[in-house]
Amino acid sequence: MSRIPPEPRDEPPRTPVTVPASGLPHPEAPDYDVVGVGLGPFNLSLAALADGLPGLRAAFFEQAPAFTWHPGLLLEGTTLQVPFLADLVTLIDPTSPWSFLSYLQAHDRLFRFYLYERFHIPRREYDAYCRWVAEGLQSTHFGARVEAVRWHPDAGLFRLVVRQTAPPAATAHAEPSDRAGTWSTRVVTARHVVLGIGTEPTMPPAFAGVAGDRVFHSAYYRERRTSLAGLSHVAVVGSGQSGAEVFADLLRNQQTAAQHLTWITRTPAFAPMEYSKLGLEQFTPDYVRYFHGLEQGRKDALVPAQWQLYKGIDADTIAEIYDLLYERTIDGGDEAVTLLPGVSVQSASLDGERGETVLDCRHDDQNRAFALTTDAVVLATGYAARRPALLDPMVGLLALDDGGRFQIDARYRIATDPSVTGHLYVQNAELHTHGVGAPDLGLGAWRAAVILDDLTGGHAYRLPPPSAFTTFGAPPRTGGSHHAPRATATTAPTGHVGPGSAAASPAADGGGRREPDGARDAASDRGVRRHPVMLGEADR
């Protein structure tokens, strides 16, 4: 695979951006303006967009030796559930050299993709695209684990302890010391930090103590699926897209005379994902801003009720499963499959003599208990954000809600003690504050742009104006009648946001029709400016 990025385009030179300091005199200059911890697609998006901002000093550290994206689910025939335009950069900067189309051009695949005529690309190609970007950027560092993040008030900086976990793969931009593996631990300083460590597989409590080679999360399915081929019974638990893809893969390769498959889900049906055009507007910045302004109790009630937005199954996958089962039953054939919706697994235990797993289940509507014995279980039970141990040195400086979760403002800053004048941003750990779009790839570039806009004082990328046709929230009342709301200029402090700060709650007089707090409206200078400028220019 080529690691060479596309040739730079002829374009006017951009004025370097400057990242505002806290305003306090500090003798120590930071190594970087911003450091990213973790390199999944979201921090990789931030790195790619930051690469287009001259003067911004950024570094991103990832403990894995190379980029990889859900390797256990990179199955043949699977595609992204978002269009290719939801790459790392395009929805914010379609001229970026790190777009998916630039990747195709660099690999001489543009005409093949043109004739491919599909909006949704193979997952394997998305993984290859991200790997190409990760290997081409100068700011990315693999085989480097951030062990701890500390705030040093005297210096007004974050200090991060970085330990080398593996010699990074040789790339065009790797420093000689990196390639030689001559360092083991070092400390870097930064004005701001962005956490992009992602989520981790969730194992339900019912399966505590039985996890192993025969009971495992779908995140490891690809590497273990060959071990399932000779078993007489395999169960899949969970009916999101991952569960459906695992079940479909097992179904394609099933020897019906020797193996039975059971698919279990708590949801009342194997339901399709909401994919109507107006329904998808809940994955727009407009809805994110609206959701963030709701009371936390209402947010916590909304997210599980919206399960078909992010836990439903792609309609094509459902259709393929049904078609496979239909063809099997021609001439009285046995489908060798049991589908069990509305069923929850209460507990699981191992039968030591037979090497089987016994699932104690309950049909929720009938309130009836039954047992299911199986040789293996694949748990497609989702992922969850976690508070990483690397933040332990800062635990007394973080503001958490009643559930022990981060308090996160509209600009993706974790609320901290006022003594922390740098910003600690987070990506894909804000489902409880920003809604179902948090893990969605289609919002990744926009969220990265919001973060860059905030840490540069508003001089990174033009944020899109309100774009949804849906008005989220009640429209403002004027003259005794409702009317369609118009975007209005808003101003707010751009400094530190801590617990209870007014800037942490967006104004309510426009719902999701507003830019993030402190952003100007679409009619302002930011509505037309594209190139970054230095702080202090007249347009500020």
Side-chain angles (χ1 to χ4, degrees), residues 201-212 214-219 221 228 231-251 254 256 258-274 300-315 317-326 328-329 333-352 354-384 436:
T202 299
M203 297 284 285
F207 291 89
V210 299
R214 295 284 183 89
V215 180
F216 58 88
H217 196 273
S218 59
Y221 173 72
L228 305 178
L231 303 180
S232 60
H233 190 279
V234 178
V236 177
V237 177
S239 64
Q241 183 66 17
S242 297
E245 289 176 355
V246 167
F247 185 78
D249 186 71
L250 289 169
L251 197 60
Q254 179 189 17
T256 57
Q259 186 182 71
H260 193 94
L261 301 177
T262 298
W263 192 9
I264 304 171
T265 180
R266 291 180 302 173
T267 57
F270 296 98
M273 180 174 292
E274 167 59 65
D300 291 339
L302 266 178
V303 169
Q306 296 173 322
W307 64 272
Q308 274 189 264
L309 289 172
Y310 65 106
K311 290 185 178 180
I313 307 169
D314 175 85
T317 307
I318 293 178
E320 181 189 7
I321 291 172
Y322 187 92
D323 292 350
L324 286 170
L325 295 176
Y326 177 84
R328 285 186 180 180
T329 58
D334 182 7
E335 66 270 26
V337 160
T338 303
L339 305 180
L340 293 174
V343 171
S344 56
V345 180
Q346 305 291 303
S347 63
S349 59
L350 294 176
D351 185 329
R354 303 177 62 181
E356 297 172 328
T357 300
V358 179
L359 307 182
D360 294 318
C361 304
R362 179 170 296 277
H363 191 283
D364 297 328
D365 288 342
Q366 294 179 329
N367 195 26
R368 288 177 55 185
F370 63 95
L372 176 72
T373 301
T374 182
D375 296 308
V377 183
V378 182
L379 296 168
T381 47
Y383 299 78
V436 295

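Between Phe216 and Val377 the shortest side-chain heavy-atom distance does not fall below 4.5 Å. With a 4.5 Å cut-off on side-chain heavy atoms, Thr373 and Asp351 do not count as touching. A 4.5 Å side-chain heavy-atom check between Arg214 and Leu231 finds at least one atom pair inside the cut-off.
Screening Leu359, Val237, Thr374, Thr357 for a side-chain contact (heavy atoms from CB on, under 4.5 Å) with Val215, the sole residue that qualifies is Thr357. Shown are Ile264, Thr265, Asp364, Asp360; of these, the side-chain contact (heavy atoms from CB on, under 4.5 Å) with Ser344 is made only by Asp364.
Checking side-chain atoms of Glu356 against main-chain N and O of Ala376 turns up no donor-acceptor pair under 3.5 Å. For the pair Arg266 (side chain) and Gly342 (backbone), a donor-acceptor distance under 3.5 Å is absent. Panel note: side chain Thr381, backbone Thr202; a donor-acceptor pair is recorded below 3.5 Å. Side chain of Gln254 to backbone of Asp249: no donor-acceptor contact under 3.5 angstrom is found.
Around the CZ atom of Arg328, the shell of radius 6.0 Å holds more than 12 heavy atoms that belong to other residues, nucleotides or ligands. More than 12 heavy atoms of other shown residues, nucleotides or ligands fall within 6.0 angstrom of atom CZ in Phe370.
With rounding to the nearest 0.5 angstrom, the OG1 atom of Thr338 is 9.0 Å from the CG atom of Leu261. If you take CH2 on Trp307 and CE on Met273, they are separated by 10.0 Å, rounding to the nearest 0.5 Å. Here the OG-CD1 distance, from Ser239 to Ile318, works out to 9.0 Å after rounding to the nearest 0.5 Å. Here His217 contributes atom NE2 and Ser242 contributes atom OG; the two are 7.5 Å apart, rounded to the nearest 0.5 Å. The CD atom of Gln308 sits 8.5 Å away from atom OG1 of Thr267, with the distance rounded to the nearest 0.5 Å. Expressed to the nearest 0.5 Å, how far SG of Cys361 lies from CG of Leu372 amounts to 5.5 Å.
Scanning both residues, Pro268 and Pro341, for their nearest heavy atoms gives O-CB, 3.7 Å. Closest heavy-atom contact between Ala371 and Val358: CB-CG1, 4.4 Å.
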Requested in this report: Test side chain to side chain contact (heavy atoms under 4.5 Å, CB included) on Val343 and Arg362 and set out the steps.
Outcome: CA-CA 6 Å; Val343 171; Arg362 179 170 296 277; over 6 Å; no
Query - Thr317 vs Gln241, side chain to side chain contact (heavy atoms under 4.5 Å, CB included): CA-CA, chis, key distance, verdict - result: CA-CA 8 Å; Thr317 307; Gln241 183 66 17; 3.2 Å; yes
Requested in this report: Determine, step by step, whether Val378 and Phe247 satisfy the side chain to side chain contact (heavy atoms under 4.5 Å, CB included) criterion, reporting the C-alpha distance in whole Å, the side-chain angles of both residues, the deciding distance to 0.1 Å, and the verdict.
Outcome: CA-CA 9 Å; Val378 182; Phe247 185 78; over 6 Å; no
Query - Worked verdict on Val303 versus Tyr310 for side chain to side chain contact (heavy atoms under 4.5 Å, CB included) - result: CA-CA 10 Å; Val303 169; Tyr310 65 106; 3.4 Å; yes
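The ring-ring contact (aromatic ring centres under 6.0 Å, His included) test applied to Phe270 returns Trp263, not counting sequence neighbours. With sequence neighbours left out, Leu325 forms a side-chain contact (heavy atoms from CB on, under 4.5 Å) with Leu251, Ile321, Glu335, Val337, Leu339.
Side chains of Thr262 and His233: a donor on one and an acceptor on the other come within 3.5 Å.
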